[in-house]
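Below is one structure, written out as structure tokens; the observations come after it.
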Amino acid sequence: MAKKSSLPGFNLSLGYTIFYLSLIVLIPLSAVFFKTFTLSWDEFVQAVASPRVVASYKLTFGASLIAASINVVFGVLTAWVLTRYEFFGKKIVDAFVDFPFALPTAVAGISLSAIYAKNGWIGSLLDQIGIAVAYTPLGVVVALTFIGLPFVVRTVQPVLEDLGAEVEEAGASLGANRWQVFYKIILPAIWPAVITGFALAFARAVGEYGSVIFIAGNMPMVSEITPLIIITKLEQYDYAGATAVAAVMLVISFILLFAINGFQWWSNRRLGHVK
Amino acid sequence: MSIEIKNINKGFGSFSALNNVSLEVPTGELVALLGPSGCGKTTLLRIIAGLETPDTGSIHFYGKDATERAVREREVGFVFQHYALFRHMTVFENVAFGLRVRPKHTRPNDAEIKRRVHELLNLVQLDWLADRYPPQLSGGQRQRIALARALAVEPKVLLLDEPFGALDAKVRKELRRWLRRLHDELHVTSVFVTHDQEEALEVADTIVVMNQGKIEQIGSPQQVYDNPATPFVYQFLGNVNAFEGRVNAGVAKLGALEVPVKEFAQTHDSAVQAFARPHDIDISRDASAAAFKAQLTYVHSAGSVVRLELKRDDAETFIEAELTREYFSQLNLKEGETVYLTPRNVRFFLD
């Protein structure tokens with residue numbers, strides 16, 4: 001089965017890996033499904049397909065997709081600035097990118113709702129032109145964008161660094177303009193990393209709870225996210241109902257990540273990446 | 001004149017990379033910028049290409065000022081040391097890139113692009129690799145593809161930045177002969193940067209020797225090798241023995257050796273540097289006043305010539321000498337033997 005490797009300890013380390021993965025990931029996840037199976041079909045449909053829950057799926061997955069897409073654009077830009085230019089304070093800016101990783105999400109949530117509320121710094125300005133952020137779906141997108149930023153930056157940055165400025169100079173010397181250099185040379189090279197970053201940011205956003213619930217306002221049918229539905233059900237001792245919703249989320253997340261990976265594989269082939 | 005460079009200055013922070021450099025490159029010539037690393041040769045090449053802007057000075061292409069022209073408008077082909085091929089494109093697409101990015105009204109049609117790319121790939125003898133990707137090629141192949149890509153846009157000037165620097169010795173030798181032949185075929189005005197004096201001497205029509213941001217000498221390979229203008233050029237091109245001494249009223253005293261030097265008849269007691277190539281050192285067993293007494297410390301006999309290392313008796317320095325194999329076996333010298341050395345064709349430079 002396993003090819004002879006010059007590194008010793010294959011059996012031991014593989015055994016440990018599988019044991020560890022089972023303990024930490026697979027067994028808890030399968031418990032979700034086992035618990036769900038205690039429900040009858042009607043109870044299951046009742047739990048996962050009520051209008052309020054369906055609205056929360058739309059919000060969670062919709063806002064996560066939008067947030068991850070925003071992060072692709074601005075994450076690539078940030079990674080670009082951090083790799084191609086030298087400027088005063090670059091190290092500090094670089095450290096700022098990791099803030100959403102490091103900050104407790106509740107702190108992020110409170111700060112965001114304070115700033116984007118109608119009487120907050122930015123919220124009051126936006127209010128004058130009639131845009132409400134806090135306690136609307138837009139607020140959810142803002143929070144999810146905030147926590148997803150580092151994923152795209154940190155996956156694209158090393159690839160850009162590795163790509164080097166020389167291929168861009170080569171492109172320019174061959175007569176390509178800036179847009180052609182970006183579109184034909186840089187983008188194909190960083191594309192796999194961009195999609196990976198997108199998938200990570202999306203996955204994180206789908207599961208995000210702490211930073212969202214403060215700014216979302218949690219109005220049923222409008223700004224209530226699925227993780228909150230799960231918590232609410234738990235608080236009502238509806239354990240089976242909570243795991244049923246969780247199972248649906250799990251399946252949707254899995255399908256979406258699978259689709260993203262498939263897209264990555266397809267575009268890699270189309271762009272001629274050598275394996 | 002294809003390229004005229006006038007009074008270029010360029011600094012990076014407090015470091016002056018180029019110091020008032022002027023240079024003319026005649027049409028159709030292959031010119032080598034030669035110097036140690038950090039001498040400014042790559043900076044000069046990048047300024048010619050437009051990848052770097054000079055602080056002061058100007059660049060003219062065929063009599064027209066190109067100083068303000070961006071790299072994509074300069075019509076130069078640039079070949080990078082590490083190839084800079086587009087990894088995600090096939091060899092064919094790499095070479096076609098320069099044609100495909102042209103604005104619609106000057107872009108050749110697909111059949112024409114195909115024809116030209118295959119023509120170029122045939123020129124670099126790699127047509128059979130058209131469908132491969134750069135990571136699947138060897139270093140030498142990649143550099144030939146990079147050259148084909150640069151030639152595809154029919155550049156007015158071809159610029160090569162240490163094109164063979166990342167290749168191993170044997171491939172490097174092959175490729176530089178091939179580049180010379182290619183240049184004789186195409187006659188596109190070319191400038192290439194190298195720190196390898198052998199490469200420059202073998203390939204170039206004209207060699208520009210640079211040091212510390214300045215041009216030390218411009219000349220044919222023969223001229224710079226036989227008639228170095230400065231001590232730096234002497235030491236940089238080929239092996240050389242250096243002697244320190246003093247000169248007074250037409251006589252140079254180099255350690256125990258005294259040599260009459262006519263050109264310094266009016267010079268009074270000043271320091272002098274003298275240089276002699278290893279193949280200009282005569283060896284004899286007979287004592288003579290016009291010779292260094294030295295001890296033979298080491299013999300390198302592998303190679304086309306025999307190289308000897310000799311320690312001077314009058315100083316703590318070594319002299320290198322080269323003999324033909326026949327002459328060496330005639331002399332039948334043994335390591336540890338004491339001999340007398342007379343340098344020929346000594347060049348003197350006053351400090």
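All chains are named by letter (A, B, ...) in the order of the sequence lines, taking the proteins before the strands, and each is independently numbered beginning at 1.
- At most 12 heavy atoms of other shown residues, nucleotides or ligands fall within 6.0 angstrom of atom CD1 in A:Ile92.
- Environment of OH in A:Tyr20: sparse, with no more than 12 heavy atoms of neighbouring residues, nucleotides or ligands closer than 6.0 Å.
- When the shell of 6.0 Å around CZ of A:Phe96 is examined, it contains 12 or fewer heavy atoms from other residues, nucleotides or ligands.
- Residue-environment remark: CZ (A:Phe88) stays at or below the threshold of 12 foreign heavy atoms within 6.0 Å.
- Residue A:Lys58 places its NZ atom among 12 or fewer non-hydrogen atoms of other residues, nucleotides or ligands, all under 6.0 Å distant.
- Residues B:Phe97 and A:Ile185 approach most closely at CZ-CD1, 3.6 Å, considering heavy atoms.
- To the nearest 0.5 angstrom, B:Glu73 atom CD is 10.5 Å from A:Asn177 atom CG.
- Annotation for A:Leu174 and B:Val153: closest pair O-CG1, 3.7 Å, computed over non-hydrogen atoms.
- Looking at B:Ala146, there are no atoms closer than 4.5 Å to chain A (heavy atoms on both sides), in backbone or side chain.
- Looking at B:His88, its side chain never comes within 3.5 Å of a backbone N or O of A:Leu187 through a donor-acceptor pair.
- In terms of heavy-atom proximity, B:Leu85 sits nearest to A:Val167 at O-CG1, 3.7 Å.
- Residues A:Ala170 and B:Ala84 come closest through the heavy atom pair CB-O, 4.0 Å.
- There is no contact between B:Leu99 and chain A, counting heavy-atom distances below 4.5 Å.
- We find the OG-CZ distance between A:Ser173 and B:Arg149 to be 7.0 Å, quoted to the nearest 0.5 Å.
- Atom CD in A:Gln180 sits 12.5 Å away from atom CZ in B:Arg100 (nearest 0.5 Å).
- When all heavy atoms are compared, the tightest approach of A:Ala172 to B:Val71 is CB-CG1, 3.6 Å.
- Taking 4.5 Å as the limit, some side-chain heavy atom of A:Glu169 sits within range of a side-chain heavy atom of B:Phe80.
- Here the CG-CD distance, from B:Leu51 to A:Glu168, works out to 11.5 Å after rounding to the nearest 0.5 Å.
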